[in-house]
Protein chains: 2
Amino acid sequence: MAKSTDSLDRGPRAALNIQAVAAAAGVSKTTVSHVISGNRPVSESTRRKVERVMDDLGFRPNFFAQALNSKKSNTIALIAQDITNPFYPALARGLQTSVASADHVVMLFDAGAGHSLTRSFVDDVIQRRIDGVVVAVSNVEEELVELQQAGIAVVAIGSGLSGLPIDWVSADDERIGIDATRYLYRAGHRRIATISGPPEAEPGTGRLAGYIKTMTEVGFGVDPRLCAVADWTREGGAIAFRKLLDQAEPPTAVFCANDLMAIGVLDAAAEAGLRVPGDLAVIGVDDIDAASLVRPGLTTIRVPALEIGQAAGDLLLHRIAEVDESARRHITVQHTLITRESA
Amino acid sequence: MAKSTDSLDRGPRAALNIQAVAAAAGVSKTTVSHVISGNRPVSESTRRKVERVMDDLGFRPNFFAQALNSKKSNTIALIAQDITNPFYPALARGLQTSVASADHVVMLFDAGAGHSLTRSFVDDVIQRRIDGVVVAVSNVEEELVELQQAGIAVVAIGSGLSGLPIDWVSADDERIGIDATRYLYRAGHRRIATISGPPEAEPGTGRLAGYIKTMTEVGFGVDPRLCAVADWTREGGAIAFRKLLDQAEPPTAVFCANDLMAIGVLDAAAEAGLRVPGDLAVIGVDDIDAASLVRPGLTTIRVPALEIGQAAGDLLLHRIAEVDESARRHITVQHTLITRESA
DNA sequence: CTGAAAGCGCTTACAG
DNA sequence: CTGAAAGCGCTTACAG
């Protein structure tokens with residue numbers, strides 16, 4: 001009788017693993033492992049032989065087994081408020097660019113997809129031992145704390161989440177407000193209005209602060225009749241502007257805290273028969289695609305979403321690599337004035 | 001002497017794993033595993049005890065260990081041509097919506113981030129045993145084949161990659177061309193031009209085919225002087241339209257294969273002193289945000305990116321779950337005419 | 001309904 | 001410069 005438990009029938013096709021490579025190369029699993037990881041010196045000839053075999057066999061180390069040992073997933077998660085808002089895809093690209101250099105991959109979670117999936121996504125992130133998370137969504141302080149307690153590196157986008165010791169990246173919102181307001185002032189405007197975002201959070205508050213600071217500095221002071229608030233949308237901007245118009249001395253210029261509201265102002269201005277920039281100057285913030293598509297083209301302040309993503313990735317990689325917990329870090333990205341026709 | 005290798009010093013804090021849960025609950029690892037997976041019945045009282053302990057300890061099963069055994073990563077990858085093009089974020093959202101229902105997570109790869117990272121991303125996908133991939137990028141036939149050979153489910157977006165036996169999702173491009181052209185015809189236009197995309201690939205060819213079919217059907221035939229080609233960009237659309245204008249009998253209507261080119265036509269028309277829709281009717285495809293922002297508002301055919309993403313996710317989940325390899329599947333999503341001012 | 005034990009494919013002290 | 005072996009934290013036949 002032939003020995004039936006021989007090399008012939010070890011199941012459905014021998015698995016292609018480190019053991020198979022070791023056998024084919026005539027070395028130990030240990031050595032193959034070190035050729036892959038580079039964690040200890042291997043003689044030139046051995047290395048070449050092993051690499052040759054891996055190539056011939058088309059071997060790729062099993063990621064799960066590697067991660068199970070190393071406790072590193074080489075994965076970064078992005079939790080985005082609303083991926084269909086052009087700011088976030090640009091941020092995602094910047095993030096990918098940054099972390100790809102360290103061989104990390106990006107997992108996307110779009111909170112705008114509805115449901116309260118955010119909760120379960122945080123669980124996923126923890127369970128999958130994601131190395132770091134970029135949190136670009138509001139009102140998730142609780143989840144942030146949980147992520148940190150699970151030992152995951154976290155960086156917040158846009159606002160500092162007061163009190164929490166987490167890294168964050170943002171534009172210099174007050175400076176944006178100052179630059180926009182000064183630009184209108186220097187163009188000769190004296191009744192300058194602002195339409196800011198809802199007062200509860202950055203970046204709305206910072207931009208408004210910059211407006212107030214500038215109006216005070218140049219000696220105009222702040223006239224409450226020139227300060228409107230809207231909800232970041234085009235329609236909201238139009239509504240707010242109609243109210244601003246409805247007074248004895250209407251403004252000749254408006255600083256809007258984002259482009260969408262500024263476009264709403266353009267709508268309402270056209271409706272009211274005002275010519276832009278002749279009768280009314282308008283400036284926004286963001287430089288979304290539409291800013292260059294509307295007529296007249298919208299003058300705006302560009303917030304570099306791509307750079308924000310990159311900075312977030314850099315902070316994360318740094319935090320992941322470092323041994324001692326160092327202090328909280330904050331990166332501020334630079335904005336740029338984009339001059340078009342509206343102001 | 002006290003027994004020094006006692007329960008006191010088993011290293012830096014005992015690991016929180018299935019073994020620890022088993023011990024605390026007074027059952028075996030096997031049982032804990034089955035409580036988690038539901039792979040075999042567990043008595044009601046035991047299940048409750050184990051769940052209680054997991055909750056108290058804050059235990060979450062280690063994803064890598066699970067995946068190492070099950071060979072499932074519960075992860076879907078999206079390879080997007082250009083995540084800053086609004087079509088892709090919407091697709092990503094639809095994909096997430098679909099796969100989240102099966103507890104899968106989305107990994108994003110933006111091919112537009114530059115470099116030829118696509119190559120290394122494909123390697124990552126294989127190595128990480130990603131369950132399925134949505135390929136929304138062109139010229140990667142080689143990589144597609146490789147992914148399939150690695151046993152990964154693949155679905156292509158937009159075009160069928162002739163010959164390859166892979167599932168795909170697309171709009172009905174010929175029908176889009178027909179609907180757009182007929183709309184212009186019914187509005188009374190007789191000299192209808194088209195600006196199509198580069199001829200080498202869908203969706204350009206399909207939309208052009210629809211235009212040709214309709215022009216033939218209504219008896220006009222195809223006049224080469226009315227057929228222009230551009231590169232999908234705004235500037236390209238403007239350039240192409242200037243050429244169309246430069247003839248004895250210029251068109252009174254233009255069907256553009258995407259919105260960006262249609263907006264370029266609006267630019268060039270304004271420049272040439274043509275009023276839209278009075279002197280010229282323009283229709284695009286996609287319904288990007290900008291379509292509603294330009295003046296006059298762009299009439300267009302909406303391609304439901306979100307639904308495409310969902311359909312892709314559904315195909316993938318189906319393909320992953322199924323045992324026997326069934327035939328290639330193709331899903332066509334429905335488009336809608338969005339009437340604004342330009343036509 | 002439940003357990004003991006082998007195994008998934010790696011990494012990493014320990015030893016030479 | 002290289003190996004044997006224990007271990008990472010699960011799942012799953014096999015057995016009762």
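Please read these numbers as outputs of a predicted model, since none were measured by experiment. Every chain is numbered from 1 and lettered A, B, ... according to where its sequence line falls, protein lines coming before strand lines.
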Next on the checklist: Between A:V99 and A:L316, does the side-chain contact (heavy atoms from CB on, under 4.5 Å) criterion hold? Intermediate values first, please.
Outcome noted: CA-CA 9 Å; A:V99 304; A:L316 236 30; 5.6 Å; no
Next on the checklist: Within the 4.0 Å heavy-atom criterion, would you say A:T31 contacts the bases, only the backbone, or no part of the nucleic acid?
Outcome noted: sugar-phosphate
Checklist entry - Is there a donor-acceptor pair closer than 3.5 Å between any side-chain N or O of A:T75 and the backbone N or O of A:S73? => result yes
Checklist entry - Side chains of A:I18 and A:P61: does their closest heavy-atom pair fall under 4.5 Å? => result no
Checklist entry - Got B:D124 and B:V122 here, is their nearest side-chain heavy-atom distance under 4.5 Å? => result no
Checklist entry - Which pairs, with at least one residue in residues 87-103 of chain A and sequence neighbours excluded, count as a salt bridge (charged side-chain N to carboxylate O under 4.0 Å, His left out)? => result A:R93-B:D82, A:R93-B:D110
Next on the checklist: For a 4.0 angstrom threshold against heavy atoms of chain A, report the outermost contacting nucleotides of DNA chain C in 5' to 3' order.
Outcome noted: C:dG9 to C:dC14
Item to check | B:I36 side chain near B:M54 side chain, heavy-atom distance below 4.5 Å | outcome: yes
Item to check | Closest-nucleotide ordering on DNA chain C, the 5'-leading residue of B:G26 and B:L68 | outcome: B:G26
Checklist entry - So, do A:F64 and B:F64 have ring centers that fall under 6.0 Å from each other? => result no
Checklist entry - Hey, does B:K71 reach any base, or is it just sugar-phosphate, or nothing, if we go heavy atoms under 4.0 Å? => result sugar-phosphate
Checklist entry - How far apart are the C-alpha atoms of A:R47 and A:H34, what are their side-chain angles, what is the distance that settles it, and do they pass the side chain to side chain donor-acceptor pair (under 3.5 Å) test? => result CA-CA 9 Å; A:R47 136 162 297 119; A:H34 286 114; over 6 Å; no
Next on the checklist: Mind checking if A:S33 touches a base, just sugar-phosphate, or nothing, with heavy atoms under 4.0 Å?
Outcome noted: base
Next on the checklist: By nearest heavy atom, map A:A65 and B:T30 onto DNA chain D; which one lands nearer the 5' end?
Outcome noted: A:A65
Next on the checklist: Filter on salt bridge (charged side-chain N to carboxylate O under 4.0 Å, His left out), then keep only pairs touching residues 28-44 of chain B, sequence neighbours left out; what's left?
Outcome noted: B:E44-B:R48
Checklist entry - Counting any heavy atom closer than 4.0 Å, what does B:F63 reach on the DNA or RNA strands: base, sugar-phosphate only, or nothing? => result nothing
Checklist outcome for this item: With sequence neighbours left out, the residues meeting side chain to side chain contact (heavy atoms under 4.5 Å, CB included) with A:P304 are A:R302, A:E307, A:V333
Item to check | Each stem that DNA chain C is part of, given as range with range (3 or more consecutive Watson-Crick or G-U pairs, under 3.5 Å) | outcome: C:1-3 with D:14-16, C:5-12 with D:5-12, C:14-16 with D:1-3
Checklist outcome for this item: Ordered by number, residues from residues 39-52 of chain A within less than 4.0 Å of DNA chain D (heavy atoms) are A:R40, A:P41, A:V42, A:S43, A:T46
Next on the checklist: Regarding B:R328 and B:D167, does a basic nitrogen lie under 4.0 Å from an acidic carboxylate oxygen?
Outcome noted: no
